[in-house]
Amino acid sequence: MKWTAVVAALLVVVATVAADDAHKQQVVNRLLNRITSHIPSAYAELKNAAETYDPAHDDSHYTDGGEAARHLVQEINDHRVLEQHHWFSLFNTRQREEALMLVDVLLHAADFATFEHSAAYFREKMNEGEFVYALYVAVTHSPLTDHVVLPPLYEVTPHMFTNSEIINKAYTAKMTQTPGDFNMEFTGTSKNEEQRVAYFGEDIGMNSHHVHWHMDFPFWWNGEDIDRKGELFFWVHHQLTARFDAERLSNWLSPVDELHWDHPIKDGFAPHTSYKFGGEFPTRPDNKAFDDVDGVARIRDLLIIESRIRDAIAHGYIEKEDGTHVNIDNEHGIDIVGDVIESSMYSPNAAYYGALHNQAHRVLGAQADPHGKFNMSPGVMEHFETATRDPAFFRLHKYMDNIFKEHKDKLHPYTKEELQYANVQITEVDVGELSTYFEDFSFDLGNALDTTETVEDVKVTAHVSRLNHKPFTYKINLHANQAEKVTVRVFIAPKYDQNLSPLDINQARWYAIALDTFWVDVAAGDSVIERSGSDSNVAIPDRISFPTLIHDTDEAVAAGGQLSLSVGHNTRGCGHPQRLLLPKGTTNGMDFHFDVYISTGEDSVHDNVEDGNHGYCGMHGQKYPDKKPMGFPYDRHIPDRRLYDGLKNLHTQTVKIFHHEEH
Ligand SMILES: [Cu+2]
């Protein structure tokens, strides 16, 4: 399937339907509401479409002449598709194929009515998990749904984000018709030191960011080109790893160790989470030795794939399927190495270099039942929604991050000429108070429950503790020789390791967390740039809760008016939660480097870049806005810190992040 042509054809249509965003929002809300129950009769149009629409005979309403729709209808009629009320995993090849068949149908809808009717029809005939995935991906990528806000997945499929204990209480609440708000604890006990950082791995906002990132940049994507997709894969996971290590240091833990295929997996994990359909997520004990996983991979194959990738890095080229070479010893190499390691459809030779990341997720997820003896459902590692709960996720990503580092460290260190920017001298950076705290956050569990037209719904919510920080700003005082647009990059990095030994510049730069990148016009002479943490280009505000989204949309539709939702700069779910921008501090203050680096505005690809979430998530359908490698100027080895110390356009200082139990 090639969607380039489809998207072009649809651009014409978009202009004529853009006035009806509220209606579209309502349709998407209703398709996702009570996802494990049938469409209620109150949603008359959807119900009618589900019963009477015939996608196999509506050729003119699809840009592919109805081919994708006919194909999927045939599969359903042949009873080849996964039944409803069954778990779904994107890593299961056949299940993914089915979900993508629906993505194919929806992305070929020529108008929104066809999108809506097709979605309603297939919602009632396909597996719920496949449907939710396909709808999310289609809404993310279709120009027909440009302004639709996707509800937070933790309220659409709460089972994937909520402890079983809480889900059970929610069932009881409904059975007894008693509303409830239940306190959700993090998994495990204080006997497990990993539990100290469970608040990060189990943060529902961070999980939501992770799953959305993989929907924005699917490994299976073969539609129109996505700019620097492989590099983004490296960068977003590298930053997740750096963030996790900062949380560990703040909790007196050492940075996470990488996974070794030939060592036991040190930390086990008991997820305390259940599928809506498919029983409990499997548990893995401590020190489990890796087993081959039937039908997925043998451990020795993974070792061979690893060594082929590292050979390519050592050689400085990837060998394509036809035997020709692609040079990777340059700043674009990381993009190809990312495609190879994931691997995505962009990998130049998946037959040879395999799919290290995807297979590793599956192998780790299946360690509780590697030969299928116990008919266990897939493990948490086999879903982007749940993977970060397992400490093995970060071990796995540290392992891959180290392979990326091998490539980056091979590139020539930046020279003074590449780093300096003579126009600007940073004189001082005033950083306001940086402090973190935990707060309570509630989310809705309505979608976890079954619905019938005869039993009243009751309000059931869970509340959970989550990290937040006080709003902060910083002021950059600078002198510019001439007025010019400049690029500002802001990083923080832990200053000390777990033994309170200072991290050297090459350790610290790899632990650096990008707080922001932005473009601004500076005047000649002295000036001050004031910037708020909430403007960060890597973070997004809180998602609108599903009940609020439904309520506001229904109100707007009933009033025949426009829908305006407070979603900040963007409608996308990709982006680190704003409140997690700062790593957790300590009571006495944890020391961080706070670095501001200014370079020419010519680093920007676009004339104007609005604030938003482009740092980790790019700009939909456009080029990634920063010409420089992601992580610049800390992505490469630094042989001598005096080079960086001598830069007038780089300002570095130590700041403290405090943590307060009360705020
Ligand atoms: Cu990921």
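Each ligand, and each atom within it, is numbered from 1 in the order the structure gives.
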For the Cu ion (ligand 1): the N/O/S atom of His237 at shortest distance:
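Looking only at N, O and S atoms of His237, the one nearest the Cu ion (ligand 1) is named NE2.
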
Just checking Glu280: does its CD atom have more than 12 heavy atoms from other residues, nucleotides or ligands closer to it than 6.0 angstrom?
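12 or below, so no.
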
Ring center gap for His361 and Phe91 short of 6.0 angstrom
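Close enough - the centres of the two rings lie under 6.0 Å apart.
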
Do the rings of His397 and Phe393 sit parallel, tilted or perpendicular, given the 30° and 60° boundaries?
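Correct class here is tilted.
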
Whether Phe491 and Tyr634 hold their rings parallel, tilted or perpendicular, with breakpoints at 30° and 60°
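Plane angle over 60°, so perpendicular.
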
N/O/S atom of His214 inside 2.8 Å of the Cu ion (ligand 1), strictly under
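Checking His214: at least one N, O or S atom is under 2.8 Å.
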
Confirm or rule out an N/O/S atom of His210, from backbone or side chain, lying less than 2.8 Å from the Cu ion (ligand 1).
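Of the N, O and S atoms in His210, at least one lies under 2.8 Å from the Cu ion (ligand 1), which means yes.
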
